[in-house]
Number of protein chains: 2
Amino acid sequence: MEEQLSMLAAEIAGRLFIEVEASGRHVHVTEQQAVALFGQRLTPLRPLSQPGQFVSGQRVEIIGPKGKLSNVAVLGPERKEGQVEISLTDAVALGVSPPIRLSGKTEGSPGILLRGPKGEIFLDHGVIVARRHMHLPPHEAQLRGLKDRQIVQVKLFTSRSLVFDDVVVRVDPSFAPRVHIDFDEANACGFKKGDYGMIIHG
Amino acid sequence: MEEQLSMLAAEIAGRLFIEVEASGRHVHVTEQQAVALFGQRLTPLRPLSQPGQFVSGQRVEIIGPKGKLSNVAVLGPERKEGQVEISLTDAVALGVSPPIRLSGKTEGSPGILLRGPKGEIFLDHGVIVARRHMHLPPHEAQLRGLKDRQIVQVKLFTSRSLVFDDVVVRVDPSFAPRVHIDFDEANACGFKKGDYGMIIHG
């Protein structure tokens with residue numbers, strides 16, 4: 001009986017809670033852009049939580065009208081389009097006004113100059129602030145009663161506890177269950193690596 | 001009838017909503033510290049929303065073990081104790097680990113070096129990250145059914161909407177009704193000057 005209760009509690013906790021990760025500023029590039037910036041394709045340095053994704057051994061400088069950010073991580077594998085994901089704090093430092101968007105939704109976003117050890121490229125668009133989102137594989141989504149594109153709230157029981165409204169659920173077989181927030185959001189709630197959030201159905 | 005409804009709506013809105021302000025990094029000093037840093041007492045440059053409080057014409061540099069922040073606002077009038085209020089983003093840049101506290105609660109907080117045009121002083125403690133809070137004069141607190149030290153939630157209907165848990169209510173006759181958050185929190189919710197929050201009783 002005790003064992004059954006314990007299993008039930010674990011199952012409920014598994015449906016309610018999800019690991020949260022804070023994403024730092026980073027850049028995505030195409031194969032062609034990688035070669036222009038680094039003279040080579042991206043080389044994996046360490047894996048990210050999302051299967052197949054990695055932090056590369058390559059770093060770039062992001063140069064905006066008002067300032068620059070050095071030593072910025074480039075994530076792999078290469079994509080079909082270059083993209084720069086920064087925080088609103090970074091946006092002020094660079095002097096750009098990016099929209100808050102899901103990754104890949106770069107239409108009409110500002111451009112920026114990228115400088116690598118082997119060359120520079122100007123992205124004519126692609127600077128965004130990542131909209132907070134949740135990755136789920138289909139079976140995890142089903143367990144939790146969630147669907148792709150659904151909006152939920154996620155409560156953080158951190159030192160500066162808060163509830164993130166407007167968390168977009170993304171469902172894909174390639175995903176590991178994680179909520180992704182940026183560093184402004186992480187600092188706003190006193191997030192520490194390994195913290196979990198509680199899903200509240202919107 | 002229409003006029004009565006309109007007045008009722010305004011009264012309800014007045015109880016539910018409150019203006020939010022984002023506080024940038026700033027420093028408080030004693031009279032003695034002002035003279036040591038600037039060779040004079042603080043001079044008012046522009047008033048703040050809280051009656052009697054002002055941004056001074058004086059600016060300091062904050063120097064931590066890992067970095068420094070220049071041109072930081074000094075708020076007046078002078079206080080009984082020096083205090084440095086920064087964001088967690090700033091804390092990383094400076095290399096300090098401040099606690100999240102209400103203003104004035106500086107026991108055990110880290111120290112830091114301040115540099116002004118006329119001299120330097122080392123605060124042996126006083127670096128904090130401001131805990132989010134709400135200022136209310138007594139009649140406004142009574143209207144809203146709130147008491148000093150009560151914890152409420154405040155929902156922001158911003159571009160990255162969220163609910164701040166753990167907002168401490170402070171009641172004092174000298175206060176104007178405002179919720180104060182820092183720039184990490186402001187960026188986390190896409191706050192713009194003039195945004196209002198909705199109070200949710202915790």
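Just so you know, these numbers use all the heavy atoms, side chains as well, and skip hydrogens, waters and symmetry mates. Convention: sequence-line order gives letters A, B, ...; per-chain numbering from 1. This structure is a prediction, so every number in the text was calculated from the model and none was measured.
Evaluation of the side-chain hydrogen bond (donor to acceptor under 3.5 Å, both in side chains) rule for A/Thr43 yields A/Gln58 as partners, not counting sequence neighbours.
Interface residues of residues 116-138 of chain A toward chain B, defined by a heavy-atom distance below 4.5 Å and sorted by number: A/Val129, A/Ala130, A/Arg132.
Residue A/Gln32 qualifies as open at atom CD: its count of foreign heavy atoms under 6.0 Å is 12 or below. At most 12 heavy atoms of other shown residues, nucleotides or ligands fall within 6.0 angstrom of atom CD in A/Gln142. In this structure, A/Lys68 places its NZ atom where only 12 or fewer heavy-atom neighbours from other residues, nucleotides or ligands lie under 6.0 Å away.
Considering B/Asp166, B/Asp182, B/Asp184, B/Asp165 as possible partners of A/Arg160, the one that fulfils the side chain to side chain donor-acceptor pair (under 3.5 Å) test is B/Asp182.
Taking all atoms of both residues into account, the shortest heavy-atom contact from B/Ser159 to A/Ile100 is OG-CD1, 3.6 Å.
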